[in-house]
Each structure stands twice: as C-alpha cells, then as structure tokens.
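Below is one structure, written out as structure tokens; the observations come after it.
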Amino acid sequence: QVQLVESGGGLVQPGGSLRLSCAASGSITSIYDMGWYRQAPGKQRELVAVITSGGSTNYADSVKGRFTISRDNAKNTVYLQMNSLKPEDTAVYYCNADIAARVTTLRYWGQGTQVTVSS
C-alpha cells in the first residue's frame, strides 16, 4: 500500500521560515504531479502549490515569492520551503500525489501537519 508521510510543521513567529517534507512509500511504479494544500480554521481547503514530474510549478497568488515547491524524485519526496511567514499562513498543510501502482493511478493524501504563525 502507498503512504504519504509529512513532517516539518510547527510554531514560528511572523517573518520566520519552515520547510515541510512529504515522502511517499509503498508499491510505487511512478509518481506524477505532487502538491501542497492547506486548510485554515473556518476556511475551505485551498491549493498552495503543485509541481509536475518534469519540474513545472504553479503557486497560489497569496504565496508567490514567499514559498517554493520542489521534489527529489530519487527519494519520492516533495518539499515546501516557506519564507516570510504571516499569521494568515496558519493552517493544516496537506501534501498530495498522483501515484501509479502497477496499472492503477490514484491521488493520495498525507495526514496533514500543523503550521502556526504567531507572535
């Protein structure tokens, strides 16, 4: 079975930085798009950033210039570097990935990691 395990969340002051990691494991044939979503209290889950297997990226307008998504295909891992953090970035962050196991491709989700930005 395939799993996505996230790490790197925590409490930081405004202006600080965090680096989130998400590693895929299990019976994996190929990993296609990978991404990060977040859900803040009282709000809908929203897309933060995505990266294709070829390295193309897209970002939400609210994080452009501050966040960077990257991936290490050899480690089946996607990262989210978050700089200049603001209180409005406080949310549970979820990674996801489209993963092929044999002939079946499914979208998988991590368990979520809490990011809190507060002074």
Side-chain angles (χ1 to χ4, degrees):
Q1 60 184 44
V2 175
Q3 290 183 295
L4 298 179
V5 179
E6 301 166 333
S7 62
L11 173 65
V12 297
Q13 293 185 337
S17 298
L18 284 174
R19 183 177 174 87
L20 306 182
S21 299
C22 175
S25 63
S27 299
I28 298 171
T29 300
S30 300
I31 302 179
Y32 302 106
D33 294 355
M34 306 184 82
W36 290 93
Y37 290 72
R38 68 186 181 187
Q39 187 166 26
K43 301 182 69 175
Q44 298 273 64
R45 186 174 298 187
E46 64 176 348
L47 176 67
V48 176
V50 294
I51 184 167
T52 70
S53 59
S56 297
T57 60
N58 284 291
Y59 297 91
D61 288 341
S62 60
V63 307
K64 286 181 179 177
R66 300 188 297 120
F67 291 10
T68 302
I69 188 171
S70 61
R71 63 192 287 168
D72 185 336
N73 291 329
K75 297 180 178 179
N76 292 335
T77 299
V78 62
Y79 305 94
L80 186 68
Q81 178 67 46
M82 304 184 293
N83 298 325
S84 302
L85 283 162
K86 305 174 181 179
E88 64 197 61
D89 295 317
T90 296
V92 177
Y93 284 71
Y94 300 88
C95 68
N96 81 329
D98 295 329
I99 299 175
R102 294 184 294 178
V103 299
T104 302
T105 300
L106 298 174
R107 179 162 293 178
Y108 293 87
W109 292 87
Q111 81 283 359
T113 185
Q114 177 71 48
V115 172
T116 302
V117 185
S118 177
S119 59

Any side-chain heavy atom of [X] sitting closer than 4.5 Å to one from [Y]?
X: Asp72; Y: Tyr79; answer: yes
X: Ile99; Y: Ile28; answer: yes
X: Gln81; Y: Ser17; answer: yes
X: Leu20; Y: Glu6; answer: no
X: Arg71; Y: Ser53; answer: yes
X: Lys75; Y: Ser21; answer: no

Can you name the salt bridge (Lys or Arg N to Asp or Glu O under 4.0 Å) partners of Arg66, sequence neighbours left out?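 For Arg66, the residues satisfying salt bridge (Lys or Arg N to Asp or Glu O under 4.0 Å) (neighbours in sequence not counted) are Asp89.
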Under the salt bridge (Lys or Arg N to Asp or Glu O under 4.0 Å) test, which residues partner Asp98, sequence neighbours left out?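 Salt bridge (Lys or Arg N to Asp or Glu O under 4.0 Å) list for Asp98, sorted by chain: Arg107.
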Between Thr29 (side chain) and Arg102 (backbone), is there a donor-acceptor pair under 3.5 Å?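 It does hold such a pair.
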Kindly work out whether a path of hydrophobic side-chain contacts (I/L/V/M/F/W/Y, heavy atoms less than 4.5 Å apart) joins [X] to [Y].
X: Val5; Y: Leu106; result: no
X: Trp36; Y: Tyr59; result: yes
X: Val50; Y: Ile31; result: no

Looking at every heavy atom in both [X] and [Y], which two are closest together, and how far apart are they?
X: Ala100; Y: Thr105; answer: CB-OG1, 3.5 Å
X: Arg19; Y: Ser70; answer: NH2-OG, 4.4 Å
X: Leu4; Y: Ala24; answer: CD2-CB, 3.3 Å
X: Gly9; Y: Val115; answer: CA-CG2, 4.2 Å
X: Val78; Y: Cys95; answer: CG1-CB, 4.4 Å
X: Ala91; Y: Arg38; answer: CB-CB, 3.8 Å

As an exercise, state the distance from [atom1] of [X] to [atom2] of [Y], rounded to the nearest 0.5 Å.
X: Thr68; Y: Asn83; atom1: OG1; atom2: CG; value: 6.5 Å
X: Ser56; Y: Ile69; atom1: OG; atom2: CD1; value: 11.5 Å
X: Thr113; Y: Leu80; atom1: OG1; atom2: CG; value: 11.0 Å

Partner of Leu85 by side chain to side chain contact (heavy atoms under 4.5 Å, CB included), out of Val63, Val12, Thr90: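 Between Leu85 and the candidates, side chain to side chain contact (heavy atoms under 4.5 Å, CB included) is satisfied uniquely by Val12.
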Who passes ring pair (Phe, Tyr, Trp, His ring centres under 6.0 Å) against Tyr37, sequence neighbours left out?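 Here the qualifying residues are Trp109.
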For the pair Val92 and Tyr94, evaluate side-chain contact (heavy atoms from CB on, under 4.5 Å) and give the outcome as yes or no after the intermediate values. CA-CA 7 Å; Val92 177; Tyr94 300 88; 3.4 Å; yes
